[in-house]
J.: 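There's a structure below that I have some questions on.
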2 protein chains.
Amino acid sequence: MLFHPATEDIQLTEVLRALSDPIRLEIVALLTTAGELTCGDASVRLSVHKSTASHHFRILREAGVVRTTPRGRLKLLSVRHDDLDARFPGLLGSVVSATHAA
Amino acid sequence: MLFHPATEDIQLTEVLRALSDPIRLEIVALLTTAGELTCGDASVRLSVHKSTASHHFRILREAGVVRTTPRGRLKLLSVRHDDLDARFPGLLGSVVSATHAA
DNA sequence: CGCATAGTTGGATGCTTGTCAAACAATGGA
DNA sequence: TCCATTGTTTGACAAGCATCCAACTATGCG
């Protein structure tokens with residue numbers, strides 16, 4: 001478990017689909033400014049049930065947008081900026097900028 | 001009918017959602033290289049029924065990604081490059097580049 | 001005026017999705 | 001070892017979506 005796609009296996013449509021949900025976009029924005037957050041810390045800032053948040057974390061992870069790193073009994077979330085930029089240059093940056101413009 | 005959102009009303013999540021479908025991404029790619037296409041010309045290059053293609057044209061149009069211009073009994077499709085770039089700078093460009101990298 | 005052409009719309013269907021609640025698993029601390 | 005904390009999974013449900021076919025609308029041509 002805790003599947004993460006390899007950088008070269010990241011699919012464009014899956015990334016776009018993952019980013020097409022307001023809550024997931026908010027998660028990416030949170031992580032981009034915070035750098036790293038635990039699932040719990042990210043979850044309390046969202047307006048959905050924790051199981052729903054967990055679901056969104058999984059969508060983002062399996063699309064290759066975020067990385068989930070177990071740390072003790074916590075799990076740290078971070079955006080895979082470098083991998084995404086290597087695969088689809090500029091894409092994530094423009095989406096994050098667009099988030100602020102929205 | 002033939003609703004087109006104003007540039008400032010284009011929503012990021014709707015654009016991303018519109019672009020998260022392989023067929024719609026293909027439509028955008030076709031239009032980007034061709035400049036303009038009729039619905040029919042675009043439709044025959046896709047592997048779906050013409051009513052399905054029409055459905056996708058509508059999703060793209062209502063999201064603000066494409067413009068539909070009636071021309072006689074035809075309808076011309078084109079990508080709203082300028083509007084999108086004004087609203088979300090660089091976004092569409094990086095998506096189109098990513099399409100080629102995929 | 002009719003008729004062919006170009007697209008859209010409605011119905012039907014099966015699949016996917018977002019959401020919550022409750023139960024479950026895993027981990028470190030007391 | 002036991003327990004509280006953290007996060008995931010399962011089930012259920014409503015909503016949305018992609019797809020096709022058939023019927024419909026609209027427009028220009030003869």
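Order of the sequence lines fixes the chain letters, A, B, ..., with proteins taken first and strands second; residue numbering starts at 1 for each chain.
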J.: The criterion is side chain to side chain donor-acceptor pair (under 3.5 Å); which residues satisfy it with A:S54, sequence neighbours excluded?
T.: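 So A:S54 forms no side chain to side chain donor-acceptor pair (under 3.5 Å) with any residue.
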
J.: If we ignore angles and hydrogens, is there a donor and acceptor under 3.5 Å between the side chains of B:S94 and A:S94?
T.: yes

J.: Residues in side chain to side chain donor-acceptor pair (under 3.5 Å) with B:T32, at least two apart?
T.: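 Partners of B:T32 by the side chain to side chain donor-acceptor pair (under 3.5 Å) criterion come out as none, since no residue qualifies.
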
J.: Pick the closest DNA chain C nucleotide for A:G72 and for A:D21 by heavy atoms, then say which residue is nearer the 5' end.
T.: A:D21

J.: When rounded to the nearest 0.5 angstrom, what is the spacing between CG in A:L37 and CZ in A:F57?
T.: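 If I round to the nearest 0.5 Å, the distance is 8.5 Å.
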
J.: Quick one: side chain to side chain contact (heavy atoms under 4.5 Å, CB included) partners of B:T68, sequence neighbours excluded?
T.: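 Once residues adjacent in sequence are excluded, the partners of B:T68 under the side chain to side chain contact (heavy atoms under 4.5 Å, CB included) criterion are B:L2, B:H4, B:R61, B:K75, B:L77.
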
J.: Can you run down the salt bridge (Lys or Arg N to Asp or Glu O under 4.0 Å) pairs that involve residues 5-32 of chain B, sequence neighbours left out, and say none if there aren't any?
T.: none

J.: Return the set of residues passing side chain to side chain donor-acceptor pair (under 3.5 Å) with B:H81 (not counting sequence neighbours), or none when no residue passes.
T.: none

J.: Mind checking which nucleotides bracket the chain B contacts on DNA chain C, 5' to 3', with an atom under 4.0 Å from a heavy atom?
T.: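 Both ends considered, the range comes out as C:dA4 to C:dT9.
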
J.: Who are the side chain to side chain contact (heavy atoms under 4.5 Å, CB included) partners of A:T38, not counting sequence neighbours?
T.: A:D41, A:L74, A:L76

J.: Which residues pass the side chain to side chain donor-acceptor pair (under 3.5 Å) test with B:S97, sequence neighbours left out?
T.: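 With sequence neighbours excluded, B:S97 shows a side chain to side chain donor-acceptor pair (under 3.5 Å) to no residue whatsoever.
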
J.: Please work out which residues in residues 24-53 of chain A have a non-hydrogen atom less than 4.0 Å from an atom of DNA chain C and list them by number.
T.: A:R24, A:V48, A:H49, A:S51, A:T52

J.: What's touching nucleotides 3-5 of chain D from the protein side, N or O pairs under 3.5 Å?
T.:
residue: D:dT5; atom: O4'; partner: A:R73; partner atom: NH1; Å: 3.4

J.: Please test A:T99 against A:V28 for side-chain contact (heavy atoms from CB on, under 4.5 Å), starting from the C-alpha separation and ending with a verdict.
T.: CA-CA 10 Å; A:T99 304; A:V28 171; over 6 Å; no

J.: What pair of heavy atoms forms the shortest contact from A:S43 to A:A53, and how long is it?
T.: OG-CB, 3.5 Å

J.: Identify, residue by residue, the members of residues 54-71 of chain B with a heavy atom below 4.0 Å from DNA chain C, and return them in order of residue number, or none.
T.: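 Contacts with DNA chain C under 4.0 Å: B:S54.
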
J.: Rounding to a whole Å, what distance do you find between A:K75:NZ and D:dT9:C1'?
T.: 11 Å

J.: According to a 4.5 Å side-chain heavy-atom criterion applied to Ile, Leu, Val, Met, Phe, Trp and Tyr, with indirect links allowed, do A:L46 and A:L31 form part of one hydrophobic cluster?
T.: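 Yes, it is one cluster - the side chains of A:L46 and A:L31 are joined through contacts under 4.5 Å.
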
J.: What pairs of residues pass the salt bridge (Lys or Arg N to Asp or Glu O under 4.0 Å) test when at least one of them lies in residues 81-99 of chain A, not counting sequence neighbours?
T.: A:R67-A:D83, A:R80-A:D83

